[in-house]
Amino acid sequence: MGKRLGILFTMVVVICLSLTMSTFGAEKEVAYLSLADYTGPIAGLNVPADMGLEDFIKEVNAKGGVDGVKIKFIGIDTRYDVARAVSAYKRYRRTPRLLMVNSISTGIGKAVARLIERDKKAQLVPGDGEFQAHIGRTFLWGPAYQDAFAATLDWIMDDWKKKGKSGTPVVGYLSWDNPYGREHLRGGKEYAEKLGIKFLPPEFFPPGTLKHDVYLTRLAKAGADYIHAGGVDPTPTNVIRDGHALGLTKTIQFTTDYWGPTALGIGVHAEALEGTVITSFYERGEDARNNPFVTGQWKKYRGSMDKFNEVYGMGMSWGMTYVAGLKKALKTAGYDNLKANHMYKAYQELTGLTKHDIQGPCAYSPKSRLGSKVVKIYRVKDGKIVPITGWREVPNAVGLHTF
């Protein structure tokens with residue numbers, strides 16, 4: 001009996017030691033969840049963005065991670081569908097040390113926000129100004145959509161004066177009939193009124209619409225001097241292509257937002273897009289191609305620059321923000337006690353963080369959820385996207401709207 005007890009005791013000790021050694025030797029890991037669109041209407045930009053993020057994470061992990069902690073990238077194809085995204089979040093919300101969720105659309109961000117607050121996690125969204133108006137656990141990638149649209153309106157006023165025009169211009173607005181498409185006007189419309197601009201009744205169309213002639217014709221007949229084309233490329237490219245076919249680009253200046261023509265649209269419709277103006281919070285076109293930090297990573301992981309899209313750099317900036325936040329969170333809590341709430345608090349301490357000129361300095365703080373406060377204005381010229389201004393601070397259009 002004593003011999004059997006001795007053997008049993010030895011086996012227990014061996015098992016315990018084995019489990020202890022296994023736990024001790026386990027790789028430290030945190031997670032990043034992307035509620036993405038890889039096959040839907042914004043896949044043309046979301047795919048290269050997540051490629052930039054994933055490659056940046058590979059680079060960090062290859063160098064040992066952040067203070068020995070590796071980052072796990074989880075990309076889920078939601079197809080730009082809110083219900084799919086909510087389901088995916090619920091499925092992955094219990095992932096160990098899930099510190100950040102990137103909700104790829106305005107609609108998804110709004111739907112997931114309530115769950116994020118309940119779970120005491122943190123999320124990123126493209127540009128919904130409501131999350132700046134009502135501070136919570138949701139952070140924007142850059143300036144709010146309406147703030148950037150206000151910056152576009154400022155440029156329109158400058159352009160109008162440079163052309164020697166009297167009075168104020170007539171501006172039309174054409175975009176998707178969804179939360180993203182309408183967000184620009186929640187403060188942007190009030191800013192247009194503040195400038196004295198005659199703002200035409202906006203035109204909205206469903207994502208996936210193939211032809212836009214009827215909407216463009218209405219705006220043109222109403223006397224539009226400028227038309228702002230929303231949607232995610234290739235949608236704005238297709239809108240301006242249709243405008244070009246109608247002869248409107250000869251007399252009407254077309255402008256776009258962050259998701260305006262990229263290499264995706266330029267490569268197919270360069271002639272139709274000639275002269276298009278793009279407002280962006282991240283480097284576009286030639287700026288992105290001349291950024292060695294961005295192109296160096298692309299060449300290392302993706303090879304030839306033939307298929308390079310500047311949104312890749314924006315994805316890298318997500319990774320830089322996550323790494324900076326993780327460093328602060330680990331310093332505060334240590335790995336064993338690390339929770340999403342620590343990352344939420346850490347992001348609020350990233351004010352002034354720079355990102356190799358991919359975008360302006362980070363503006364996160366306890367009172368700000370803006371990823372940055374500056375944009376640059378670009379123009380399509382001779383088949384290339386070139387800057388026509390430096391970085392310029394956006395107006396506070398969010399503050400003009402009652403949410």
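As the structure is a prediction and not an experimental result, all values here were calculated from the model.
With hydrogens and angles left out, the side-chain atoms of Tyr378 and Asp287 include a donor and acceptor closer than 3.5 Å. There is a side-chain donor-acceptor pair under 3.5 Å between Asp77 and Thr39. Side chains of Asp242 and Tyr215: a donor-acceptor N/O pair is absent below 3.5 angstrom, by distance only. Judged purely by distance below 3.5 Å, without hydrogens or angles, the side chains of Asp55 and Gln297 never pair a donor atom with an acceptor atom. Ser103 and Gln123 form a side-chain donor-acceptor contact under 3.5 Å, judged by distance and modelled atom types alone. Side-chain contact check for Thr249 and His244: at least one donor-acceptor pair (N or O, by modelled atom type) lies under 3.5 Å. Side-chain contact check for Tyr38 and Asn46: no donor-acceptor pair (N or O, by modelled atom type) lies under 3.5 Å. When only modelled atom types and interatomic distance are considered, Thr279 and Asp257 share no side-chain donor-acceptor pair under 3.5 Å.
With hydrogens and angles disregarded, no donor-acceptor distance shorter than 3.5 Å links the side chain of Glu286 to the backbone of Pro387. With hydrogens and angles ignored, the 3.5 Å screen pairs no side-chain donor or acceptor of Thr256 with any backbone N or O of Ala229. No donor-acceptor pair closer than 3.5 Å links the side chain of Asp233 to the backbone N or O of Trp259.
The salt bridge (Lys or Arg N to Asp or Glu O under 4.0 Å) test applied to Lys221 returns no partner, not counting sequence neighbours. Remark: Lys28 pairs with no residue by the salt bridge (Lys or Arg N to Asp or Glu O under 4.0 Å) rule, at least two apart or across chains. Under the salt bridge (Lys or Arg N to Asp or Glu O under 4.0 Å) criterion, Arg241 pairs with no residue at all, not counting sequence neighbours. Residues passing the salt bridge (Lys or Arg N to Asp or Glu O under 4.0 Å) test with Arg84: none are found, sequence neighbours excluded.
In summary, the aromatic rings of Tyr145 and Tyr258 are positioned with their centroids under 6.0 Å apart.
Taking the charged nitrogens against the carboxylate oxygens, Asp213 and Lys211 do have a contact shorter than 4.0 Å, which makes a salt bridge. One finds no salt bridge joining Arg114 and Glu117 here, because no Lys/Arg side-chain nitrogen approaches an Asp/Glu carboxylate oxygen to under 4.0 Å. Ion pairing between Glu59 and Lys300 holds under the 4.0 Å rule for side-chain N and carboxylate O. Remark: Glu130 engages Lys110 in a salt bridge, criterion side-chain N to carboxylate O under 4.0 Å.
Taking a 6.0 Å sphere around CZ of Arg118, one finds it holds more than 12 heavy atoms contributed by other residues, nucleotides or ligands. More than 12 heavy atoms of other residues, nucleotides or ligands lie within 6.0 Å of NZ in Lys70, so this atom counts as buried by the packing criterion.
Ring geometry for Tyr173 versus Phe199: interplanar angle of 30 to 60°, hence tilted. Ring orientation note: the planes of Tyr180 and His184 are nearly perpendicular, at an angle over 60° on the 30°/60° scale. Below 30°, between 30° and 60°, or above 60°: for Trp141 and Trp318 the angle between ring planes is between 30° and 60°, a tilted geometry.
For the pair Thr237 and Leu264, the minimum side-chain heavy-atom distance is 4.5 Å or more.
When each of Thr78, Ile74, Asp50, Leu124 is tested with Ser34 by the rule side-chain contact (heavy atoms from CB on, under 4.5 Å), just one qualifies, namely Asp50. Only one option out of Arg218, His228, Glu203 pairs with Leu174 in a side-chain contact (heavy atoms from CB on, under 4.5 Å); it is Glu203.
Residue pairs meeting the side chain to side chain donor-acceptor pair (under 3.5 Å) criterion with at least one partner in residues 385-403, sequence neighbours excluded, are Asp158-Arg392, Glu190-His401.
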Tell me which donor-acceptor pairs under 3.5 Å the side chains of residues 367-375 have, and how far apart each pair is, sequence neighbours excluded?
from   : atom 1 : to     : atom 2 : distance (Å)
Ser368 : OG     : Ala363 : O      : 2.8
Ser368 : OG     : Leu370 : N      : 3.2
Arg369 : NE     : Gly136 : O      : 2.7
Arg369 : NH1    : Ser365 : O      : 2.7
Arg369 : NH2    : Gly136 : O      : 3.1
Arg369 : NH2    : Tyr344 : OH     : 3.4
Ser372 : OG     : Gln359 : NE2    : 3.4

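A cation-pi arrangement is found for Arg182 relative to Phe204, the charged atom lying closer than 6.0 Å to the ring centre and inside a 45° cone about the ring normal.
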